Structure formats: structure tokens, C-alpha cells
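Written below as C-alpha cells is the structure these notes are about.
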Amino acid sequence: MRKIQSQGVHHITLVGADRQTSIDFWDGVLGMAFVFEQPNLDNPNEGHLYFDPGDGRLITIFTDETRTTKMIRLPQNPGQVHHIAFAVSQASFWQAVDRLDQRKVKHSGPKDRGFMDSIYFRDPLGLLIELASYRFEPPAGATHTDVLTAAHHIRVAAGAATIDQNHIADAIEQIAHAKAQSLSSDRSAKNPF
């Protein structure tokens with residue numbers, strides 16, 4: 001038996017409202033470029049809109065002109081989507097509250113997640129959306145998940161309940177040291193003063 005190895009999220013498809021509401025939300029609020037559209041190949045009565053969330057992958061929306069917006073809390077039962085999180089820069093994150101407030105969109109306000117910041121709000125049909133912003137950049141050639149995996153091991157060894165900034169900083173140092181060769185025979189911390 002062998003695995004089917006994934007290489008990232010190809011796309012996520014959501015059931016949306018009408019065409020214009022969907023464009024206004026995904027492009028007009030979240031800035032996702034509207035890249036193309038076609039009929040839903042499994043249901044020609046629906047449209048299928050494609051948006052780029054910023055990484056060249058796709059978020060797609062099935063639209064139907066008879067579906068209208070309804071800001072209700074969607075069920076969050078086992079097997080259902082709880083929320084979708086989108087990456088934003090720290091610069092964008094700290095302006096998100098004002099930009100949501102301008103649209104009179106209810107939101108959670110900034111939430112401290114230790115290694116990242118989050119804001120939650122709902123799309124026009126009630127899907128919970130998270131804007132997530134890492135508080136760190138990984139070393140060149142490494143990913144955020146490389147840093148978080150290393151920080152997890154550091155956190156567990158320290159007996160801490162959650163990852164904090166010290167774990168992240170130590171993980172970044174660990175990854176950077178492993179990647180870069182040095183002529184120094186002793187790379188431990190020093191005090192030259």
C-alpha cells in the first residue's frame with residue numbers, strides 16, 4: 001500500500017450567493033483577483049467563478065442568481081467546514097478592522113494566537129472567514145511550517161502548552177544554523193562586550 005502524495009491545495013470550492021455578491025465579496029472585500037468564470041460543469045444552472053487568493057492557487061465559487069445573502073451562522077458539526085483562513089501581511093492585518101468597520105461587517109477584532117494574529121468575520125452567506133497573519137518570517141529557503149514544526153518540538157521539550165515567540169525565535173535560529181555553513185568552530189551565543 002502506498003500514499004497518494006499531495007503537493008498543496010489545488011483549489012477550494014464554496015457554494016456562494018449570486019454572481020455579483022460573490023464578486024463583490026471575494027474581489028471587492030478580500031482583494032482576490034477574479035480570473036475566470038464558466039458554467040458549473042455538473043450543474044449548468046449555476047455559474048462557477050474562479051479567484052486567485054494571492055498565491056496563484058484558486059478559490060472557486062458556485063453561484064446561483066436565486067440565492068441571496070443571509071448572514072446566518074452556518075452549522076459547525078463534525079465533518080463540516082469550521083472556517084477558512086487567508087494569509088495577510090501584518091500591514092494589511094492591522095488595517096483590516098477599519099476596513100471591515102467601513103463596511104459595517106461584524107468581526108472579532110484582533111485575536112492574539114501567539115505566533116500569529118487573527119480576525120474572524122462571516123462572508124455574505126455566513127461562512128466563517130479568518131484573516132491570519134504570521135508574526136515571523138522563516139529563514140530563506142524554509143517555510144512557515146518548517147518553523148512551526150521546529151517550534152513545536154522546542155515547546156514540547158520545554159513543557160509549554162502553546163508555541164510562543166521564544167519557541168519561534170529558537171526554531172528560526174535552529175533552521176538558519178542548519179542551513180548555513182560557517183567557518184566558526186563554536187557557534188554558541190557569545191558576549192563580546
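Computed from a predicted model, the values in this text were never measured in an experiment. Note that the numbering runs from 1 along the sequence shown for the chain.
- Here the side chains of Pro53 and Met32 are in contact, with some heavy-atom distance below 4.5 Å.
- Applying the side chain to side chain donor-acceptor pair (under 3.5 Å) rule to Asp117 yields the partners Gln90, Arg135; only residues at least two apart in sequence or on another chain are considered.
- Counting heavy atoms from C-beta on, the side chains of Arg67 and Glu46 come closer than 4.5 Å.
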For side chain to side chain donor-acceptor pair (under 3.5 Å), just list the numbers for Thr143 and Asp146, CA-CA rounded to whole Å, side-chain angles, deciding distance to a tenth of an Å, and then say yes or no. CA-CA 5 Å; Thr143 65; Asp146 293 333; 3.2 Å; yes

Quick one, Arg113 with Lys111, criterion side-chain contact (heavy atoms from CB on, under 4.5 Å). Give me CA distance, side-chain angles, the key distance, then yes/no. CA-CA 6 Å; Arg113 302 299 189 212; Lys111 299 285 185 184; 3.8 Å; yes

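- The distance from atom CD1 of Ile59 to atom OG of Ser22, rounded to the nearest 0.5 Å, is 12.5 Å.
- Put simply, NE2 on His10 and OG1 on Thr60 are 10.0 Å apart, with the number rounded to the nearest 0.5 Å.
- A distance-only check finds no donor-acceptor pair linking the side chain of Asp27 to the backbone of Gly31 [under 3.5 Å].
- Using a 4.5 Å heavy-atom cutoff, the side chains of Leu131 and Leu30 are in contact.
- Rounding to the nearest 0.5 Å gives a distance of 14.0 Å between CZ of Phe25 and CD1 of Ile23.
- Using modelled atom types, one side-chain atom of Asp123 and one backbone atom of Leu127 make a donor-acceptor pair closer than 3.5 Å.
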Could you go through Glu130 and His83, starting from their C-alpha distance and side-chain angles, then the distance that decides it, and tell me whether this counts as side chain to side chain donor-acceptor pair (under 3.5 Å)? CA-CA 7 Å; Glu130 175 185 2; His83 70 277; 2.8 Å; yes

Given the rule in the side-chain contact (heavy atoms from CB on, under 4.5 Å) test, do Leu148 and Ile168 qualify, once you have shown the distances and angles that lead to the verdict? CA-CA 7 Å; Leu148 291 171; Ile168 294 292; 3.8 Å; yes

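- Between the side chain of Asp101 and the main chain of Lys104, no donor-acceptor pair closer than 3.5 Å is present.
- Phe86 is connected to Trp94 through a chain of hydrophobic side-chain contacts under 4.5 Å among Ile, Leu, Val, Met, Phe, Trp and Tyr, so both are in one cluster.
- The shortest distance between side-chain heavy atoms of Arg122 and Ile129 does not fall below 4.5 Å.
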Show the numbers, then the answer: is there a side-chain contact (heavy atoms from CB on, under 4.5 Å) between Phe62 and Leu49? CA-CA 7 Å; Phe62 288 146; Leu49 310 183; over 6 Å; no

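- Panel note: side chain Asn166, backbone Ala169; no donor-acceptor pair is recorded below 3.5 Å.
- Arg103 contributes a side-chain N or O that, together with a main-chain N or O of Arg99, makes up a donor-acceptor pair within less than 3.5 Å.
- Connection of Phe121 to Val81 is established within a shared hydrophobic cluster, with ILVMFWY side chains joined at heavy-atom distances below 4.5 Å, either directly or through further cluster members.
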Run Gln20 and Asp24 through side chain to side chain donor-acceptor pair (under 3.5 Å) and show every step you take. CA-CA 6 Å; Gln20 194 59 53; Asp24 289 350; 2.8 Å; yes

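- Side-chain atoms of Thr63 never come within 3.5 Å of backbone atoms of Asp18 as a donor-acceptor pair (strictly under, hydrogens ignored).
- Across Ser89 and Ser133, no two heavy atoms sit closer than the pair C-OG, 3.4 Å.
- Looking only at distances, no side-chain donor or acceptor of Arg19 sits under 3.5 Å from a matching main-chain atom of Gly47.
- Using a 30° and 60° split on the angle between ring planes, Tyr134 and His144 fall in the parallel class, below 30°.
- His177 NE2 to Ile172 CD1: the interatomic distance, rounded to the nearest 0.5 Å, is 12.0 Å.
- Shown here for Arg57 and Asp55, the closest heavy-atom pair between the two residues is N-OD1, 3.0 Å.
- Here the side chain of Thr149 pairs a donor or acceptor atom with the backbone of Thr145 at under 3.5 angstrom.
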Start with the C-alpha distance between His167 and Asp164, add both sets of side-chain angles, then the distance that settles side chain to side chain donor-acceptor pair (under 3.5 Å), and finish with yes or no. CA-CA 5 Å; His167 304 130; Asp164 68 22; 3.1 Å; yes

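- At least one side-chain heavy atom of Ile84 sits less than 4.5 Å from a side-chain heavy atom of Leu14.
- Under the 4.5 Å side-chain contact rule for hydrophobic residues, Ile163 and Ile154 do not share a cluster.
- Residues Gln38 and Tyr50 are in side-chain contact: their nearest non-hydrogen atoms beyond the backbone lie under 4.5 Å apart.
- Across Ala150 and Ala171, no two heavy atoms sit closer than the pair CB-CB, 3.7 Å.
- Under the 30°/60° scheme for interplanar angles, the aromatic rings of Trp26 and Phe51 are found to be tilted.
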The test is side-chain contact (heavy atoms from CB on, under 4.5 Å); show your working for Thr13 and Ile61 and say whether it passes. CA-CA 6 Å; Thr13 298; Ile61 311 297; over 6 Å; no

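- Nearest heavy atom pair, residue Met116 against residue Ser118, reads CE-OG, 3.4 Å.
- Applying the salt bridge (charged side-chain N to carboxylate O under 4.0 Å, His left out) test to every pair with at least one member in residues 171-193, sequence neighbours left out, gives these pairs: Asp186-Lys190.
- At least one donor-acceptor pair under 3.5 Å links the side chain of Arg155 to the backbone N or O of Ala160.
- Within the 4.5 Å cutoff, the side chain of Pro110 has heavy atoms near those of the Phe93 side chain.
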